[in-house]
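What you see is a predicted model; the values in this text were computed from it and never measured.
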Amino acid sequence: AAFAETGVARFFPDVLTGREAIEKGVQGLFTDIPDFKFAFARTLTKGPMVVATWVWTGTDAKTKRPVGIEGAGVLVYGDDGLIKELRAYQNDATVAAQNDPKAKAGTFRAVPAMPASTDAVVSKDTAAEDALVAAIAPMYAALDNKKEADALAFFTDDSILDDYSEPASAKGKKDSKAMFDSYVKT
């Protein structure tokens with residue numbers, strides 16, 4: 001059991017509280033996708049917190065179509081090594097579109113490839129790491145304050161902005177501006 005007895009898993013918009021509820025909630029994946037495969041692509045660890053990107057794939061039991069998505073999560077561990085809280089971010093609409101034979105290609109993400117290995121990074125609590133965090137803080141402030149010019153100053157014509165809820169990555173300033181515009185309208 002990876003979760004603490006009182007652990008919380010937030011699979012937006014659903015919130016599952018307690019190990020038993022989490023296990024029951026996740027069990028549906030194995031029923032719906034009997035050949036379910038999961039792998040971490042990258043983990044970033046600092047103290048009790050892990051930020052991870054991941055991929056899952058499989059075959060839908062009903063439609064027999066391949067399905068899969070990339071996602072991200074923030075996990076907070078307790079002193080006992082068990083997960084106290086998980087916040088998972090993924091776009092379930094992608095799976096619905098992958099299962100829909102009428103869905104138009106290019107309007108949703110294709111089933112991703114499984115990562116061959118996990119890129120694991122562990123914080124060394126250095127001044128250089130603190131400087132990187134400080135350098136990106138103004139971008140998040142610009143997003144929070146809906147200041148387009150300030151946010152877009154962080155992007156170049158060859159930048160790639162990957163939002164798992166979008167059918168494709170934003171490439172360059174023009175696409176990043178369009179994605180920013182969609183963020184501030186929500």
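- Interatomic distance, CD1 of Ile83 versus CD1 of Ile22, reported as 8.0 Å (0.5 Å rounding).
- Aromatic ring orientation, Phe40 versus Phe38: perpendicular (interplanar angle above 60°, classes split at 30° and 60°).
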* To do: Would you check, one step at a time, whether the test side-chain contact (heavy atoms from CB on, under 4.5 Å) holds for Leu82 with Phe3?
  => CA-CA 5 Å; Leu82 298 174; Phe3 280 87; over 6 Å; no
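- Taking all atoms of both residues into account, the shortest heavy-atom contact from Val111 to Gly68 is CG2-N, 3.8 Å.
- Of all non-hydrogen atoms in Ala142 and Ala151, the two that sit nearest each other are CB-N, 3.5 Å.
- In this structure, OG on Ser159 lies 12.5 Å from NZ on Lys171, to the nearest 0.5 angstrom.
- For the residue pair Gln90 / Asp92, a side-chain donor-acceptor distance below 3.5 Å is found, with atom types taken as modelled.
- There is no path of hydrophobic side-chain contacts, each under 4.5 Å, that joins Met114 to Ile69.
- By the 6.0 Å contact criterion, CG on Asn145 is enclosed, its count of non-hydrogen atoms from other residues, nucleotides or ligands being greater than 12.
- Taking the side chain as every heavy atom from C-beta outward, Pro34 and Thr59 never approach each other to under 4.5 Å.
- Atom OG1 in Thr6 sits 9.0 Å away from atom CZ in Arg19 (nearest 0.5 Å).
- Salt-bridge formation is detected for the pair Lys177/Glu148: a Lys NZ or Arg NE/NH1/NH2 atom is positioned less than 4.0 Å from an Asp or Glu carboxylate oxygen.
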* What's the verdict on side-chain contact (heavy atoms from CB on, under 4.5 Å) for Tyr89 and Arg10, showing C-alpha distance, side-chain angles and the deciding distance? -> CA-CA 9 Å; Tyr89 304 93; Arg10 299 176 193 280; over 6 Å; no
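- Taken together through direct or relayed side-chain contacts under 4.5 Å among Ile, Leu, Val, Met, Phe, Trp and Tyr, Val15 and Leu29 form parts of separate hydrophobic clusters.
- More than 12 heavy atoms of other residues, nucleotides or ligands sit less than 6.0 Å from atom NZ of Lys37.
- Heavy atoms of other residues, nucleotides or ligands lying less than 6.0 angstrom from NZ of Lys147 number 12 at most.
- Nearest heavy-atom pair across Glu70 and Val55 is CG-CG2, 3.9 Å.
- Placement of Val50 and Phe11 within a single hydrophobic cluster is found when ILVMFWY residues are connected by side-chain heavy-atom separations under 4.5 Å, directly or transitively.
- Each of Asp157, Ile160, Leu152, Thr156 was evaluated against Ser176; a single residue qualifies, Leu152, per the side chain to side chain contact (heavy atoms under 4.5 Å, CB included) test.
- For Thr118 (side chain) and Ala120 (main-chain N/O), no donor-acceptor pair under 3.5 Å exists by modelled atom type.
- Salt bridge annotation for Lys64-Asp60: absent, with no cationic side-chain nitrogen under 4.0 angstrom from a carboxylate oxygen.
- Using a 4.5 Å heavy-atom threshold, the side chains of Met179 and Asp163 count as touching.
- Here the straight-line distance linking atom CD of Glu5 with atom NZ of Lys84 works out to 15.5 Å at 0.5 Å rounding.
- In the hydrophobic clustering of ILVMFWY residues, with side-chain heavy atoms under 4.5 Å counting as a link, Phe155 and Ile136 come out together.
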* **Verdict with reasoning, Glu129 to Lys124, per salt bridge (Lys or Arg N to Asp or Glu O under 4.0 Å)** => CA-CA 8 Å; Glu129 288 176 352; Lys124 295 178 178 61; 5.7 Å; no
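- Between Leu161 and Asp175 there is no side-chain heavy-atom pair separated by less than 4.5 Å.
- Ring pair Trp56/Phe36 is tilted by interplanar angle, where 30° to 60° counts as tilted.
- Taken to the nearest 0.5 Å, the CG atom of Leu143 stands 6.0 Å off from the CZ atom of Phe180.
- Under the 4.5 Å side-chain criterion, counting only non-hydrogen atoms from C-beta, Val67 is not in contact with Thr57.
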* Stepwise side-chain contact (heavy atoms from CB on, under 4.5 Å) check, Arg87 with Val76 -> CA-CA 9 Å; Arg87 291 175 180 261; Val76 178; over 6 Å; no
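- With values rounded to the nearest 0.5 angstrom, Phe108 atom CZ is found 6.5 Å from Gln98 atom CD.
- Between Lys62 and Asp32 there is no salt bridge, since no side-chain nitrogen of the basic residue lies less than 4.0 Å from a carboxylate oxygen of the acidic one.
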* Asked: Between Glu166 and Arg109, is a salt bridge (Lys or Arg N to Asp or Glu O under 4.0 Å) present by the stated rule, with each step listed?
  -> CA-CA 8 Å; Glu166 296 292 328; Arg109 289 182 180 248; over 6 Å; no
* Criterion side-chain contact (heavy atoms from CB on, under 4.5 Å) on Leu86 and Val8, from CA distance to verdict -> CA-CA 6 Å; Leu86 163 67; Val8 176; over 6 Å; no
